[in-house]
Amino acid sequence: MDLAIGKLLRFGAIFSAVLVSLGGVLYLQHPLRSAPKYNHFLAESTSLQGVAGVLRGAVHLDANSVIQLGLLFLIATPVARVAFCIVGFARQKDHLYIVISSSVLVILIYSLIQGGR
Amino acid sequence: MSVLLFTALLFGASLLAGLLGALTGLGGGVVIVPVLVLLFKVDLRYAIGASLISVIATSSGAAAAYVSEGLSNIRIGMFLEIATTLGALLGAYLTARISSHSIAVVFGIVLLYSAYASYRGRFQDVQMTRRDPLAVRLKLCGTYSSLSKPERYSARRVPLGFGIMFGAGTLSGLLGIGSGAVKVLAMDQTMGLPFKISTTTSNFMIGVTAAASAGIYLAKGYIDAGIAMPVMLGVLVGSLLGSKLLVRAHVATLKVTFCLVILVLGLEMIFSGVTGRI
């Protein structure tokens with residue numbers, strides 16, 4: 001189980017870094033435009049906050065959406081790791097840890113749904 | 001400032017933070033927020049969002065290696081993740097409600113503690129005779145090979161460790177950091193686990209803890225693509241370089257220097273928070 005989890009984590013980190021880099025290249029297409037001001041907080045435009053909006057933008061190679069898609073993959077990696085552990089514990093017939101891992105997964109999914117609203 | 005220069009500077013600073021974080025074992029997240037806020041004049045919320053992302057990236061990258069080597073204890077990590085993820089939910093909830101000034105002050109205090117903990121060096125192994133029956137029931141034990149012979153270990157004071165982990169999760173969600181120092185404190189000092197197991201299991205847990213607050217950060221708009229992109233890539237590359245260099249570097253001198261940097265940043269954060277500049 002350890003080896004497989006290691007592979008999963010590595011893949012998640014590399015894949016999301018590649019997506020974010022691709023988005024970064026698109027983002028710097030016009031390198032001389034002036035940088036946005038970040039000293040005042042404005043919530044990101046709403047189209048970027050939902051998964052559907054991010055996917056729609058990424059298909060059209062919108063730089064911010066491609067970066068956000070990479071970030072979503074990155075956030076999904078630990079969640080996938082927990083799901084993966086449930087399968088691992090199920091194979092070992094470790095009922096206690098199936099319950100413990102499932103609780104962690106429920107908390108994670110709750111936070112993502114709660115946040116995504 | 002052009003967007004290219006801004007992005008390049010952010011990337012450079014994050015690379016340095018990740019490099020020093022990996023070399024000293026403190027992690028990059030703890031310095032990236034004050035650097036963004038104090039040097040780049042980025043709003044605290046954007047800084048926290050970008051830092052949280054970089055924390056997930058480096059945790060996944062580093063944990064991949066430790067888990068494969070069998071150093072992280074997956075059961076202990078998973079059990080304690082119940083506490084850290086619940087704490088992270090609370091922390092992320094609080095971030096949206098507490099003023100930036102107060103968050104800056106709390107951040108400063110955490111920085112001062114990190115500098116202190118890192119300066120004091122690793123704690124002595126705690127010798128406790130009483131085994132916690134809860135640890136036996138929850139299978140919070142394992143073996144690890146120190147020097148030559150494999151040694152058995154088992155967790156102690158499980159409820160207290162669980163409680164401290166909840167606090168670590170809350171800090172992580174509130175400040176967008178991995179709070180690895182507090183996690184190691186809970187496992188190493190409170191639960192009496194071997195230091196090596198504590199640090200690697202802490203690393204393994206950081207990604208899941210951070211993911212629990214990421215959804216809320218994303219929805220609140222804390223994670224801005226233009227900042228998160230260079231910061232995540234910079235910290236990730238920096239920490240990978242750092243772990244490669246670790247064998248050759250003069251860690252002792254580096255550690256003292258980095259501690260001083262963190263100390264100054266911590267004081268500056270508290271000062272800026274109290275005077276209302278953040």
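Note that the coordinates shown come from a computational prediction; the quantities given were computed from them, not determined experimentally. Per chain, numbering begins at 1; letters A, B, ... match sequence-line order.
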Under the side chain to side chain contact (heavy atoms under 4.5 Å, CB included) criterion, do B:F40 and A:N39 qualify, and how do the steps go? CA-CA 9 Å; B:F40 288 89; A:N39 50 358; over 6 Å; no
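- With sequence neighbours excluded, the residues that form a ring pair (Phe, Tyr, Trp, His ring centres under 6.0 Å) with B:F6 are A:Y38.
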Run the side chain to side chain contact (heavy atoms under 4.5 Å, CB included) check on B:L218 and A:L71 step by step: do they pass? CA-CA 10 Å; B:L218 214 50; A:L71 300 181; 5.6 Å; no
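- With sequence neighbours excluded, the residues satisfying side-chain hydrogen bond (donor to acceptor under 3.5 Å, both in side chains) with B:R75 are A:Q92, A:D94.
- Aromatic rings from B:F79 and A:Y97 are positioned such that their centres are separated by 6.0 Å or more.
- Within the 4.5 angstrom heavy-atom criterion, only side-chain atoms of A:L28, from C-beta onward, approach chain B.
- The greatest number of non-hydrogen atom pairs below 4.5 Å with chain B, out of A:A4, A:G12, A:S21, is found for A:S21.
- Contact annotation for A:S34: both backbone and side-chain heavy atoms come within less than 4.5 Å of a heavy atom of chain B.
- Neither the backbone nor the side chain of B:L52 comes within contact range of chain A, judged by heavy atoms closer than 4.5 Å.
- Within the 4.5 angstrom heavy-atom criterion, atoms from both the backbone and the side chain of A:I75 approach chain B.
- At a 4.5 Å heavy-atom cutoff, the contact between A:L9 and chain B is made by backbone and side-chain atoms alike.
- For A:F84, the ring pair (Phe, Tyr, Trp, His ring centres under 6.0 Å) test picks out no residue, with sequence neighbours left out.
- For a heavy-atom cut-off of 4.5 Å, chain B lies close to A:A13, A:S16, A:A17, A:V20 in residues 13-20 of chain A.
- Heavy atoms closer than 4.5 Å to chain B are found in the side chain of A:R81, but not in its backbone.
- Rounding to the nearest 0.5 Å places CE of B:M232 at 10.5 Å from CD1 of A:I67.
- Distance check, rounded to the nearest 0.5 Å: CG of A:N64 to CE of B:M229 gives 8.5 Å.
- Shown here for B:I82 and A:V104, the closest heavy-atom pair between the two residues is CG1-CG2, 3.6 Å.
- Both the backbone and the side chain of A:L74 come within contact range of chain B, each with at least one heavy atom under 4.5 Å from a heavy atom of that chain.
- From A:I98, atom CD1 reaches atom CE of B:M78 across 11.5 Å, with rounding to the nearest 0.5 Å.
- For chain B, the nearby part of A:F89 is the side chain; its heavy atoms alone come within less than 4.5 Å.
- For chain A, no part of B:L44 is nearby; none of its heavy atoms comes within less than 4.5 Å.
- Using a 4.5 Å cut-off between heavy atoms, B:T7 touches chain A through its side chain atoms alone.
- Here A:V82 is the residue among A:V66, A:V82, A:L8 with the most heavy-atom pairs under 4.5 Å with chain B.
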